[in-house]
Amino acid sequence: MPRITPIEATSATGRVKEIYEGPLKGKTFNIFRSMAASPAALDMYLAMSGSLHKGSLSAKEIEAIQLTVGEQNKCEYCVSAHTAIGKMSGLTEAQTIEARRGAMSDAKLGALVKFALALHDKRGLVSDGDIASLRAAGYGDAALADIVACYTLAVYTNYFNHVNQTVSDFPPVVKV
C-alpha cells in the first residue's frame with residue numbers, strides 16, 4: 001500500500017491535470033500517481049527524464065544505467081519498470097540481467113555500467129582511472145555529464161519508491 005495517496009487522472013486538478021492530459025497522457029503508472037501529490041516532484045521527474053532523452057546517451061544506455069542503479073538500490077519497482085522499458089529500447093533480456101549485475105558483455109555498455117557502479121560505490125568521488133576507462137570506451141564530456149544526470153534520476157526514483165512503497169504495475173523480474 002503506497003504511503004503517498006495516489007492522484008487519479010479523473011480527480012486531478014491544476015498542474016497535475018495538465019500533466020496527465022499532456023506528457024503523461026495514457027501513462028498513469030503507480031509511481032506517477034503518487035508523485036502527483038507534489039506537482040513540483042512530478043515536474044522535476046518529467047524535466048529530468050525528458051532532458052536525458054535529448055542528451056548524448058541512447059535509450060539503451062539510459063536503461064542500462066537505470067537497471068544497474070535500481071538493482072544496487074534494491075528498487076524492485078524500478079528494476080521491473082526498466083526491464084520492460086529497456087526491452088522496448090533495444091536491450092535483450094540477457095542484457096537487462098547483465099546490467100543489473102553491473103557487468104555487460106558489450107564492451108561499451110560494460111564500461112558504462114562499470115562507471116555507474118563506481119559512481120554508486122564511491123558516492124560520486126570517482127577516480128581519474130574510472131573516467132579514463134569510460135573515455136577509452138568512447139564516452140566524452142557530454143556523456144560523462146549525462147551519466148551523472150541519469151544516475152541522479154535513478155536515485156530519485158529508487159528512493160521515492162522506497163519511501164512510498166510503490167506497488168509495481170510492471171511484470172516482476174527474476175532475482176539476480
Side-chain angles (χ1 to χ4, degrees), residues 23-24 26-27 29-32 35 44-162 164 166-176:
L24 288 183
K27 298 177 186 171
F29 298 113
N30 289 338
I31 185 174
F32 300 147
M35 217 178 259
M44 185 182 98
Y45 168 82
L46 291 170
M48 286 185 74
S49 179
S51 293
L52 282 173
H53 288 282
K54 296 174 191 170
S56 65
L57 301 175
S58 70
K60 284 172 68 169
E61 290 168 324
I62 290 168
E63 294 309 317
I65 294 167
Q66 293 290 326
L67 285 163
T68 300
V69 178
E71 187 69 32
Q72 289 299 302
N73 286 329
K74 297 176 178 32
C75 182
E76 291 180 27
Y77 187 97
C78 287
V79 168
S80 295
H82 290 288
T83 294
I85 297 165
K87 289 178 190 175
M88 290 186 287
S89 299
L91 293 175
T92 65
E93 174 74 22
Q95 286 176 316
T96 65
I97 293 168
E98 288 177 343
R100 290 172 58 203
R101 290 182 176 149
M104 299 187 72
S105 57
D106 177 280
K108 190 167 185 182
L109 289 174
L112 178 72
V113 300
K114 183 177 178 187
F115 187 78
L117 285 175
L119 273 175
H120 180 78
D121 292 344
K122 298 176 181 183
R123 307 280 194 265
L125 299 170
V126 295
S127 68
D128 289 342
D130 294 325
I131 291 174
S133 294
L134 186 68
R135 289 189 189 286
Y139 293 101
D141 288 345
L144 182 57
D146 289 342
I147 292 164
V148 175
C150 189
Y151 175 86
T152 302
L153 179 61
V155 171
Y156 172 54
T157 57
N158 295 170
Y159 287 13
F160 180 88
N161 288 318
H162 290 323
N164 186 47
T166 310
V167 176
S168 184
D169 37 14
F170 292 91
V173 297
V174 296
K175 301 287 182 197
V176 294

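Keep in mind the model is a prediction, meaning the values are calculated, not measured.
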**Pair Asn30-Thr166, side-chain donor/acceptor within less than 3.5 Å** = no
**Message:** Tell me every residue that passes salt bridge (Lys or Arg N to Asp or Glu O under 4.0 Å) with Glu76, counting only those two or more places apart in sequence or in another chain.
**Reply:** Lys175
**Request:** Might you work through the side-chain contact (heavy atoms from CB on, under 4.5 Å) test for Leu134 and Ile147, ending with a clear yes or no?
**Result:** CA-CA 10 Å; Leu134 186 68; Ile147 292 164; 3.7 Å; yes
**Under the salt bridge (Lys or Arg N to Asp or Glu O under 4.0 Å) test, residues paired with Lys87 that sit two or more places apart** = Glu93
**Asked** Just how far is it from atom CD of Glu63 to atom CG of Leu57, taken to the nearest 0.5 Å?
**Response** 11.0 Å
For residues 110-121, which side-chain donor-acceptor pairs fall under 3.5 Å, sequence neighbours excluded?
| from | atom 1 | to | atom 2 | distance (Å) |
| --- | --- | --- | --- | --- |
| His120 | ND1 | Tyr151 | OH | 3.1 |

**Prompt:** Do the non-hydrogen side-chain atoms of Thr157 and Cys75 ever get within less than 4.5 Å of each other?
**Reply:** no
**Prompt:** Quick one: ring pair (Phe, Tyr, Trp, His ring centres under 6.0 Å) pairs with a partner in residues 75-99, sequence neighbours left out?
**Reply:** Tyr77-Phe170
**Complete:** All heavy atoms of Ser80 vs all of Pro172, minimum pair found to be OG-CA, 3.9 Å
**Message:** Quick check for you: to the nearest 0.5 Å, what is the distance between Tyr139 atom OH and Asp146 atom CG?
**Reply:** 11.0 Å
**Complete:** Given the options Thr96, Thr83, Leu67, Val173 meets side-chain contact (heavy atoms from CB on, under 4.5 Å) only with Thr83
**Nearest-0.5 Å distance that lies between atom SG in Cys150 and atom CD1 in Ile65** = 4.0 Å
**Message:** Counting C-beta onward and ignoring hydrogens, is there a side-chain heavy-atom pair between His53 and Ile62 closer than 4.5 Å?
**Reply:** yes
**Item:** Closest heavy-atom pair and its distance - Ala64, Met104
**Value:** CB-SD, 4.2 Å
**Prompt:** Taking it one step at a time, do Arg100 and Thr68 satisfy side-chain contact (heavy atoms from CB on, under 4.5 Å)?
**Reply:** CA-CA 5 Å; Arg100 290 172 58 203; Thr68 300; over 6 Å; no
**Prompt:** Can you tell if the side chain of Gln66 reaches within under 4.5 Å of the side chain of Cys78, non-hydrogen atoms only?
**Reply:** no
**Asked** Which heavy atom in Lys122 sits nearest to a heavy atom in Val126, and how many Å separate them?
**Response** CD-CA, 4.1 Å
**Request:** Ignoring hydrogens and angles, tell me if any N or O in the side chain of Glu98 forms a donor-acceptor pair with the backbone of Gln95 under 3.5 Å.
**Result:** no
**Request:** Hey, could you give me the OG/CG distance between Ser58 and Leu91, rounded to the nearest 0.5 Å?
**Result:** 8.0 Å
**Fill in**
Residues passing the salt bridge (Lys or Arg N to Asp or Glu O under 4.0 Å) test with Asp141, sequence neighbours excluded, are Arg135
**Request:** Could you list the residues that satisfy salt bridge (Lys or Arg N to Asp or Glu O under 4.0 Å) with Arg101, not counting sequence neighbours?
**Result:** none
**Asked** Think Lys27 forms a cation-pi with Phe32, using NZ or CZ under 6.0 Å from the six-ring centre and within 45 degrees of its axis?
**Response** no
**Asked** If you take all heavy atoms of Asn158 and Gly70, which pair is closest and at what distance?
**Response** OD1-CA, 3.5 Å
**Message:** Return the CE to CG distance between Met35 and Leu46, rounded to the nearest 0.5 Å.
**Reply:** 8.5 Å
**Asked** Judged by modelled atom types alone, do Asp130 and Ser133 share a side-chain donor-acceptor pair under 3.5 Å?
**Response** no
